[in-house]
2 protein chains.
Amino acid sequence: MARTNTRFVEAFNEILTLCEETGIGGAMPSENALAAQFDVSRTVVRGVLARLFDEGIISGTGREKLIQRLPTPADQMQGPPVLLTIEELEGKFLDWVLRMDVPPGTVLNVAQLAKEFSVATHTLQEFFSSLSRFSIVARRPRGGWELNGFTPDYAVELSDFRTVLELNSVRHLVELPPQHPIWAKLDKLEADHRELLQRIDTDYHDFSVLDEAFHAAINGVVTNRFVKEFQNIISLVFHYHFQWNKSDERTRNEAAIHEHLAYLDGLRSGDMTRAVDAARAHLMTSKQTLLNSLRVNSHTG
Amino acid sequence: MARTNTRFVEAFNEILTLCEETGIGGAMPSENALAAQFDVSRTVVRGVLARLFDEGIISGTGREKLIQRLPTPADQMQGPPVLLTIEELEGKFLDWVLRMDVPPGTVLNVAQLAKEFSVATHTLQEFFSSLSRFSIVARRPRGGWELNGFTPDYAVELSDFRTVLELNSVRHLVELPPQHPIWAKLDKLEADHRELLQRIDTDYHDFSVLDEAFHAAINGVVTNRFVKEFQNIISLVFHYHFQWNKSDERTRNEAAIHEHLAYLDGLRSGDMTRAVDAARAHLMTSKQTLLNSLRVNSHTG
DNA sequence: GTAATGTTTATTATAATAAAAGACACACCG
DNA sequence: CGGTGTGTCTTTTATTATAATAAACATTAC
């Protein structure tokens with residue numbers, strides 16, 4: 001029970017290596033020096049030293065700690081299995097929902113999912129709590145969680161919200177001065193798009209990465225933490241959905257490239273109305289694609 | 001240890017009342033009936049019945065459970081102190097931050113705060129995790145939480161984001177047909193504003209409520225869960241800040257009423273440009289007020 | 001007097017656990 | 001025998017107790 005001793009085990013093994021390098025008869029550095037070197041607290045260092053003494057690897061307690069024998073591989077400690085952190089969980093969870101095609105309304109079993117994802121139940125709880133801000137999951141009346149899931153309603157609202165944010169970015173972008181780095185970035189993106197168009201027959205799958213880079217570039221001109229936070233969740237959802245909607249992928253992607261090129265022309269025209277219209281057109285298509293992808297995977301038909 | 005038996009205690013006391021109403025010699029309903037009536041599981045009901053039997057209030061076990069004696073006030077059970085739920089925490093936390101003037105960068109002590117707010121530490125953790133999506137708090141490298149707080153940067157970005165969302169609402173609103181209920185709502189709001197203007201000298205404090213209703217009405221025309229979620233956090237932050245910025249309150253509020261009236265005129269003019277400009281003007285003032293309120297309370301001067 | 005070690009305290013992350021919900025199977029009664 | 005009720009057991013959650021860690025403070029050695 002209580003927290004894992006991963007830090008202790010890692011520090012122990014590292015200090016074991018240090019003992020080996022120093023050699024028999026060598027003196028151990030001070031506790032403070034060790035703590036600083038391995039980025040752990042002195043408490044951990046003292047724990048390691050105590051164990052080294054017990055194992056007969058170092059002698060003396062206090063200031064004079066000399067190495068008595070070289071450590072053997074058997075002295076290495078085996079740590080507990082490393083759990084994922086909450087940050088690493090996001091992709092895994094969305095992937096699970098889409099890959100397993102978990103229907104909206106499903107009750108999420110925290111204990112079981114925690115095992116499946118190899119995280120602490122506690123981590124999963126926190127993660128759900130933060131996801132509940134985006135209505136992807138919801139708390140059930142007396143404990144537990146439920147997947148709200150990606151209903152068509154959800155897709156429409158997410159796309160609409162994305163459109164609001166991206167049109168705002170576009171309005172900012174158009175007014176940027178010619179020396180702003182965004183213009184060079186857009187030129188590079190156009191080249192990449194045209195290049196992919198050349199080899200679209202075989203490499204249409206590469207579009208997904210380009211799409212993300214394209215939208216990230218446009219939205220990158222707005223430096224706002226709320227926009228960025230949402231951008232994260234939006235690109236996550238779109239990314240995973242596209243990964244699972246294989247129908248018409250080639251045609252879809254080729255069409256999207258052409259839309260992106262028109263979008264780029266619009267941005268560079270300096271004409272606000274033209275830019276916004278091109279953006280709106282592309283975002284509308286994206287919304288339709290997301291909706292279609294839901295329909296393909298849907299349970300109700 | 002383990003979860004509180006609040007539900008058991010409440011069910012017990014309610015069923016005690018039922019015993020009293022039924023009277024000596026009366027028969028208890030079935031376990032299922034009791035569970036349904038008091039909205040608890042059969043497990044709880046069985047626990048209650050067992051205790052009633054132990055106390056000698058009912059006789060027999062199984063199908064025939066008769067009331068033996070009337071319960072006395074001493075039979076009532078005393079439940080554990082009720083903890084707040086995560087939903088009730090939001091306001092309390094923001095209130096604490098602003099009232100105590102907690103500076104950005106403060107390390108938040110989960111154990112201590114949990115006591116202060118009378119919630120489980122676990123609940124506070126989840127709450128922080130969900131707040132971290134809005135960058136109000138951040139996870140520290142090796143456990144623990146830190147208040148990012150309401151720096152001027154934060155205020156600027158929050159206000160800008162609010163502006164993006166509200167201008168989007170305005171663009172929708174202007175295009176709504178005359179029979180849409182929003183127009184009646186706006187008429188009512190105008191009347192309320194004019195009425196408050198009459199008694200502004202004494203009741204300037206009432207503006208805060210009106211302000212929230214005003215913006216809620218405008219943003220209410222967009223039915224989007226993401227917009228709504230953000231609206232919540234935005235109005236929370238603005239609400240608490242205004243509550244603590246007492247300087248010039250009367251003048252500020254009177255000026256804001258006039259801006260609201262101009263905003264209303266803009267909305268009803270049917271002229272998109274005029275409506276958007278009026279909205280933008282008011283939102284800009286709001287942003288300045290929020291920034292000033294930060295400056296007044298700031299530590300650095 | 002400085003740098004090291006020894007001691008104590010505070011705080012977090014996790015495992016253990018009581019409460020609650022719910023599933024299953026059998027018993028009773030018309 | 002069908003339906004209602006109870007006994008038993010399993011599953012799952014919310015909370016607490018606790019080991020691991022960090023960090024502050026006190027003491028000793030050179």
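Heavy atoms only: backbone and side chains are in, while hydrogens, waters and symmetry mates are out. The model shown is predicted, which means the values in this text are computed figures rather than measured ones. So you know, we letter chains A, B, ... as the sequences are listed, proteins then strands, and number each from 1.
The distance from atom CG of A:L108 to atom C1' of D:dT12 is 13 Å, rounded to the nearest whole Å. Separating the CE atom of B:M77 from the C1' atom of C:dA19 is a distance of 12 Å, rounded to the nearest angstrom. Rounded to an integer number of Å, the gap from CZ of B:R7 to C1' of D:dA14 is 13 Å. Remark: C1' of D:dT15 and CG of B:L83 are 9 Å apart, rounded to the nearest angstrom. Distance CZ (A:F127) to C1' (C:dA13): 19 Å, rounded to an integer number of Å.
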Stepwise salt bridge (charged side-chain N to carboxylate O under 4.0 Å, His left out) test for B:E126 and A:R139:
CA-CA 12 Å; B:E126 271 186 39; A:R139 206 179 286 277; 3.0 Å; yes

When you look at A:K228 and B:E157, which way does the salt bridge (charged side-chain N to carboxylate O under 4.0 Å, His left out) test go after all the steps?
CA-CA 11 Å; A:K228 290 216 185 316; B:E157 293 182 13; over 6 Å; no

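Map A:F8 and A:E64 each onto its nearest nucleotide of DNA chain D; the residue landing nearer the 5' end is A:F8.
At a non-hydrogen distance threshold of 4.0 Å, A:N109, A:V110, A:A111, A:Q125 from residues 109-125 of chain A come into contact with DNA chain D. Scanning residues 136-145 of chain A for heavy-atom distances under 4.0 Å to DNA chain D yields A:G143, A:G144. Interface residues of residues 32-52 of chain A facing DNA chain D, ordered by number: A:V40, A:S41, A:R42, A:T43, A:V44; criterion, heavy-atom separation under 4.0 Å.
Side chain A:R3 to base C:dT12: a donor-acceptor pair is found below 3.5 Å.
Side-chain contact, A:E88 with A:T85: a donor N or O sits under 3.5 Å from an acceptor N or O.
Among B:D75, B:L16, B:I24, the one residue that satisfies the side chain to side chain contact (heavy atoms under 4.5 Å, CB included) test with B:L70 is B:I24. Under the side-chain hydrogen bond (donor to acceptor under 3.5 Å, both in side chains) rule, A:E31 has a single partner from A:K65, A:R63, A:R46, which is A:R46. None of A:V48, A:V44, A:V45 except one satisfies the side chain to side chain contact (heavy atoms under 4.5 Å, CB included) rule with A:F12; the exception is A:V48.
The distance from the CZ atom of B:F117 to the CD atom of B:Q112 is 10.0 Å, given to the nearest 0.5 Å.
Proximity note for B:S30 (side chain, C-beta onward) versus D:dT21, D:dT15, D:dT6: the nearest is D:dT6.
Side-chain contact check for A:L131 versus A:F93: some heavy-atom pair is nearer than 4.5 Å. The shortest side-chain heavy-atom distance between A:L18 and A:L34 falls under the 4.5 Å cut-off. A 4.5 Å side-chain heavy-atom check between B:T22 and B:C19 finds every atom pair outside the cut-off.
Residue B:K65 places at least one side-chain N or O under 4.0 Å from the OP1 or OP2 atom of D:dT6.
Using a 4.0 Å heavy-atom cutoff across all strands shown, B:I86 reaches no nucleic acid atom at all. When heavy atoms are screened at a 4.0 angstrom cut-off, B:R63 is found touching base atoms of the nucleic acid.
Note: B:F230 and B:F134 have perpendicular aromatic rings, judged against thresholds of 30 and 60 degrees for the angle between ring planes.
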